[in-house]
Amino acid sequence: MHALYSASSIMISMKIAYVAPYEGEKKIVMETLGNHEVVFVDAPVRTEVPEELRDADALSVFVDSAVTVEMIDSMPNLKCIALRSTGFDHVACEYAQSKGITVSYVPHYGSQTVAEYTFALILALSRKAFAAYDELRTDGGRDVKKYEGFDLKGKTLGVIGTGAIGRHVCTIAKGFGMNVVAYDLYPDGPFARDNDVSYVSFDEVMAQSDIVTLHVPSSKDNYHMINKESLALSKKGIYVINTARGDLVDTVALTQALQDGHVTGAGLDVYEGEQYITDEMELLTRDEDIGKDVWKAFAAEHVLLDMPNVIVTPHVAFNSIEAKREITQTTTANILKAFTKEPQFEVNKK
Ligand code: NAI
C-alpha cells in the first residue's frame with residue numbers, strides 16, 4: 001500500500017508508472033521524481049496495463065498510449081493520471097475523475113514548436129521541397145519545371161483556432177507577408193488588432209483561404225469540421241494543413257477532394273486512426289478482430305502516402321528538444337502536485 005504522507009508528514013515514496021519515455025527523458029524525470037519509485041516501460045500501453053505497473057499510484061502516458069476504463073479499473077491504487085500531451089482524447093478522463101483520480105495534462109508546451117512545424121509542412125508543399133529532394137535522391141531527377149511552387153507572400157492563410165499554437169502560426173504568417181483570417185470560438189480581439197489578423201466566421205475562413213490550418217482540440221463538436229460540406233465552401237486549389245488532431249478532418253472527404261483536384265495539397269502530421277497504426281506485421285498477426293475503423297485508417301494512410309501532393313508525418317510536430325523538456329518538467333510537477341493535492345494543470349471535469 002502506498003501512502004501520500006506518513007503521520008509525521010514525511011513524504012513516502014510513491015510508485016509512478018512512466019510509460020514510453022523518449023530517449024533521454026528518464027534522466028530529466030529522475031531530477032524531480034528521484035525520491036519516488038519510478039518504473040519506466042518502453043512500449044506504449046493501449047489495451048492493458050502491464051502486470052508490474054498495476055499497483056502504481058500514478059500513471060504517465062504520451063499520446064501513443066490509450067487509457068481505457070478497463071485499464072483504470074486494473075489499477076486499484078491509482079490517484080493520478082499525468083498526460084504528457086495537450087490533447088486528452090486518448091484517455092477515459094471522465095471515468096477516471098468519477099473515481100477521484102486526478103487527470104493532469106500539459107496545457108502549453110512547444111506552442112512555437114508546433115507553429116514552426118506547421119510552416120515546415122506549408123513550405124514543403126508550396127515549394128514542393130520534399131518531392132524535389134526525393135526524386136533527386138532516388139532517380140537523380142533534375143526536371144526543374146516539375147517543381148514550380150508559389151510564394152506565401154500575399155496569400156491568405158486561414159487559421160482555425162487561435163489558442164497558444166494558432167497565435168504563433170498567425171505571427172509567423174505575418175512574417176512571410178501573408179494575409180491572415182482566423183476563426184475561434186473566443187476571438188482574441190487585442191491580439192488580432194496588434195497583429196493585423198481578421199476574425200471572420202468559419203465559413204468565411206474556408207471561402208477566403210489559400211491555405212487552411214487547424215489548431216483546435218479534438219471534441220465531439222469539432223469532429224470532422226473539415227468535411228465534404230466545408231471543403232465545398234473553399235476555393236478550388238486550397239491546401240489543408242492539420243497538426244492538431246486527426247478526427248478534425250473527414251479523411252474520406254479530404255482524399256476525394258485531393259483526388260478530384262479541388263484540394264491541391266495536404267500536410268498532415270495527424271490523421272484519423274493514427275493511434276492504431278503501429279506495425280503492419282503486428283496488425284496482420286493480431287489475434288483479435290481489429291475492426292473496420294482500424295482497417296479504414298490503415299487504407300487511408302496508404303492512399304494518402306501514395307499521393308505526391310500530400311505530406312504525412314507520424315505526429316512529430318511537437319518533437320523538439322525544447323518542447324520535450326517542457327513537457328517532462330510540467331508532467332513531473334503535475335505528478336508531485338497531485339500527491340500533495342496542490343493545484344495542477346487538471347483536465348476540466350465535466
Ligand atoms: P489551445 O487550447 O491554446 O487553443 C485551442 C483554441 O481552439 C482555443 O482558442 C479555443 O477557443 C479554440 N477552439 C476550440 N474549438 C473551436 C472551434 N470549434 N472553432 C474555433 N475555435 C475553436 O490549444 P493549443 O495549445 O493551441 O493546441 C491546439 C491543438 O494542437 C491541441 O488541442 C492538440 O490537439 C494539438 N497539438 C498537436 C501537437 C502535435 O505534435 N501535432 C502538439 C501539441 C498540440
Side-chain angles (χ1 to χ4, degrees), residues 20 22 61-65 83-91 93 104-122 158-173 180-192 195 197-206 209 212-227 229-230 233 240-250 266-272 274-275 311-328 330-331 345-348:
Y22 57 80
V61 295
F62 184 59
V63 284
D64 50 2
S65 287
L83 308 179
R84 306 200 297 280
S85 54
T86 304
F88 39 81
D89 45 307
H90 52 306
V91 172
C93 296
S104 61
Y105 71 131
V106 183
H108 297 299
Y109 68 90
S111 309
Q112 179 72 24
T113 308
V114 178
E116 286 182 15
Y117 193 82
T118 301
F119 275 85
L121 293 177
I122 291 175
V159 180
I160 313 269
T162 54
I165 296 171
R167 285 198 300 272
H168 280 299
V169 168
C170 293
T171 54
I172 297 174
V180 180
V181 291
Y183 172 67
D184 197 290
L185 296 176
Y186 304 97
D188 182 342
F191 171 81
N195 292 281
V197 168
S198 309
Y199 277 109
V200 294
S201 67
F202 176 81
D203 288 1
E204 274 302 312
V205 170
M206 293 307 295
S209 302
V212 68
T213 181
L214 302 176
H215 303 287
V216 298
S218 165
S219 70
K220 267 193 217 126
D221 290 344
N222 294 347
Y223 180 75
H224 283 188
M225 63 178 359
I226 300 297
N227 54 27
E229 289 71 36
S230 54
L233 299 171
V240 175
I241 309 292
N242 189 7
T243 57
R245 281 294 178 268
D247 66 1
L248 301 174
V249 176
D250 177 343
L268 309 172
D269 183 48
V270 290
Y271 49 91
E272 284 187 288
E274 67 183 87
Q275 66 275 28
I311 296 172
V312 184
T313 55
H315 204 141
V316 294
F318 73 95
N319 194 2
S320 76
I321 296 168
E322 294 80 1
K324 285 195 296 194
R325 177 167 273 277
E326 211 180 324
I327 294 173
T328 310
T330 306
T331 302
F345 293 117
E346 260 190 83
V347 171
N348 279 341

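All ligand and atom numbering here is 1-based and tracks the order in the structure.
- Using a 4.0 Å cut-off to heavy atoms of Met225, the atoms of ligand 1 that qualify are 18 (N).
- Using a 4.0 Å cut-off between heavy atoms, Val114 contacts ligand 1 through its side chain alone, with no backbone atom that close.
- Put simply, no part of Arg167 is less than 4.0 Å from ligand 1, judged by heavy atoms.
- Against a heavy-atom cut-off of under 4.0 Å, His315 is close to the following atoms of ligand 1: 39 (C), 40 (O), 41 (N).
- Residue Pro217 has at least one heavy-atom neighbour below 4.0 Å for each of these atoms of ligand 1: 5 (C), 7 (O), 14 (C), 32 (O).
- Looking only at protein heavy atoms, the nearest one to atom 38 (C) of ligand 1 is Thr243 O, 3.7 Å.
- Contacts between Asp184 and ligand 1, counted as non-hydrogen atom pairs separated by less than 4.0 Å, involve both the backbone and the side chain.
- Here the protein heavy atom with the shortest distance to atom 15 (N) of ligand 1 is Asn222 ND2, 3.1 Å.
- Close approach of ligand 1 to His215 is summarised as follows: ligand atoms under 4.0 Å from at least one heavy atom of the residue are 5 (C), 6 (C), 7 (O), 28 (C).
- In this structure, Asn195 contributes its side chain and Val197 its backbone to no donor-acceptor pair below 3.5 Å.
- Counting heavy atoms under 4.0 Å from ligand 1, residue Tyr109 touches it through the side chain alone.
- Contacts of Ile165 with ligand 1, taken as heavy-atom pairs under 4.0 Å, involve both backbone and side chain.
- The protein atom (non-hydrogen) at minimum distance from atom 2 (O) of ligand 1 is His108 CE1, 4.5 Å.
- The atoms of ligand 1 that sit less than 4.0 Å from any heavy atom of Tyr183 are 19 (N), 20 (C).
- Aromatic ring centroids of Phe62 and Phe318 lie under 6.0 Å apart.
- Those atoms of ligand 1 that come under 4.0 Å of a heavy atom in Tyr186, given as number and element, are 11 (O).
- Between the side chains of Thr328 and Tyr22, at least one donor-acceptor pair of N or O atoms lies under 3.5 Å.
- Looking at Ala244, Ala317, Ala182, Gly163, it is Gly163 that brings a heavy atom closest to atom 4 (O) of ligand 1.
- Under the 3.5 Å distance criterion, the side-chain polar atoms of Asp89 are left unmatched by any main-chain donor or acceptor of Ser218.
- In the candidate list Val216, Asp89, Val63, Thr86, Val216 is nearest to atom 29 (C) of ligand 1, counting heavy atoms.
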